[in-house]
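In what follows, chains carry the letters A, B, and so on, assigned in the order in which the sequence lines appear, proteins first and then strands, with residues in each chain numbered from 1.
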2 protein chains.
Amino acid sequence: MKNQGEDILKNSALSVTASRKRILEIFLSADNALAHQDIETKCAEQYDRVTIYRTLQTFLEKGIIHNIPSTDNMVRYALCNETCITSGHHHDNHVHFKCDNCGKTVCLDDVNIPAVNLPKGYTMKEINMVVNGTCKSCK
Amino acid sequence: MKNQGEDILKNSALSVTASRKRILEIFLSADNALAHQDIETKCAEQYDRVTIYRTLQTFLEKGIIHNIPSTDNMVRYALCNETCITSGHHHDNHVHFKCDNCGKTVCLDDVNIPAVNLPKGYTMKEINMVVNGTCKSCK
DNA sequence: TTAAGAATGCAACTTTGTTGCAAAAGTATT
DNA sequence: AATACTTTTGCAACAAAGTTGCATTCTTAA
Ligand SMILES: [Mn+2]
Ligand SMILES: [Mn+2]
Ligand SMILES: [Zn+2]
Ligand SMILES: [Zn+2]
């Protein structure tokens, strides 16, 4: 195995390009979820803004990353676990945490979203839970 | 009581202006959460875009409306219940539902967000839950 | 009615996101 | 290794979303 990013791309039947490898590398070495802006900052001199948009879109569709909702108009992205990548669709059922202090958003991979009962007539397809507060680094 | 919107403004110690009354009216008569864009569509000929931004911001701070996170870069807003308005900060603990079919986002006022256990070191301040699927009108 | 303070509209600007198309790079085949 | 085919990229041009400062207008309270 030469390169983890390369493997992910091949497993998802995507062609291996420099920008895709670089963006995956950024995700793989990040300890928190990233907004488009974050990625742009890390590689805008190398790759076009449009390419980053398109790459994130592709990664989402292939189940390589998932997006995390927010109230600040900054959708953030994080790597999915193996299951999403191999099955081609999302199986993310974990809670997300956004720290009000350091601003970082993280996946709490071990915290499952609890079940919720919807009123009659509503059908659930996907569920998202985002907790705000103070993270363990900032407490 | 001449006007419900006027009352809300007075209770929040806000001056009563035409644009604020109009925007409140829009919320009061809406059956779903509204994005900035939705409000703009309903009153852009009357009021400036900037005024709408500032009004929503003010309403948020006063606990008149709350915002609903999303993965589509369209934060939506809905009226808070009395408790938020009178106490000046948010007490919204209900689940939100976004229909993939009609696109509407609604407050499920009767569905409380279930408790969740965070890992050691994390402190919760706020919690958001958004469910996607098919709503009762679209089923 | 008036004076002080707050909200609004406007202009100018920045940031974010989208689209079409030609050039470049990647992949599969010989 | 060269080829042909397909996909991805960069660029340009644009559209949409959001921000800021400031002069004018509106609200409120005295
Ligand atoms: Mn996650
Ligand atoms: Mn709500
Ligand atoms: Zn933190
Ligand atoms: Zn619906």
Take the protein atom [atom1] of [X] and the nucleotide atom [atom2] of [N], then report the distance between them rounded to whole Å.
X: A:Glu61; N: D:dT8; atom1: CD; atom2: P; value: 11 Å
X: B:Arg76; N: D:dA17; atom1: CZ; atom2: P; value: 12 Å
X: B:Gln37; N: C:dG17; atom1: CD; atom2: C1'; value: 14 Å
X: A:Arg49; N: C:dT15; atom1: CZ; atom2: C1'; value: 8 Å
X: A:Asn67; N: C:dG17; atom1: CG; atom2: P; value: 12 Å
X: A:Leu14; N: D:dT8; atom1: CG; atom2: P; value: 7 Å
X: A:Arg20; N: D:dG10; atom1: CZ; atom2: P; value: 11 Å
X: B:Asp48; N: D:dC26; atom1: CG; atom2: C1'; value: 16 Å

Is the shortest side-chain heavy-atom distance between [X] and [Y] below 4.5 Å?
X: B:His96; Y: B:His94; value: yes
X: B:Thr105; Y: B:Phe97; value: no
X: A:Leu9; Y: A:Phe59; value: yes

Quick check for you: among [options], whose closest atom lies nearest to any side-chain atom of [X]?
X: A:Val50; options: C:dC10, C:dT18, D:dG18; result: C:dT18
X: B:Thr17; options: D:dA17, D:dT27, C:dT8; result: C:dT8
X: A:Thr51; options: C:dT19, D:dT9, D:dT8; result: D:dT9
X: A:Tyr53; options: D:dT9, C:dT18, C:dA11; result: C:dT18
X: A:Arg54; options: C:dT16, C:dT19, C:dG9; result: C:dT19

Next on the checklist: Within this structure, what is the CG-CG distance for the pair B:Asp92 and B:Asn81, rounded to the nearest 0.5 Å?
Outcome noted: 5.5 Å
Checklist entry - Within the structure shown, what part of the strands sits under 4.0 Å from A:Gln46 by heavy-atom distance: base, sugar-phosphate, or nothing? => result sugar-phosphate
Next on the checklist: Using a heavy-atom cut-off of 4.0 Å across all strands, would you classify B:Ser19 as base, sugar-phosphate, or nothing?
Outcome noted: sugar-phosphate
Checklist entry - Is the phosphate of D:dT28, meaning OP1 or OP2, less than 4.0 Å from a side-chain N or O of B:Ser15? => result no
Checklist entry - Can you tell me if the side-chain N/O atoms of B:Asn73 get under 4.0 Å from OP1 or OP2 in C:dT16? => result no
Checklist entry - Is any side-chain N of the basic residue among A:Lys10 and A:Glu6 closer than 4.0 Å to the acidic one's carboxylate O? => result yes
Checklist entry - Taking the nucleotide of DNA chain D with the closest heavy atom to each, which residue, B:Val16 or B:Met74, is nearer the 5' end? => result B:Met74
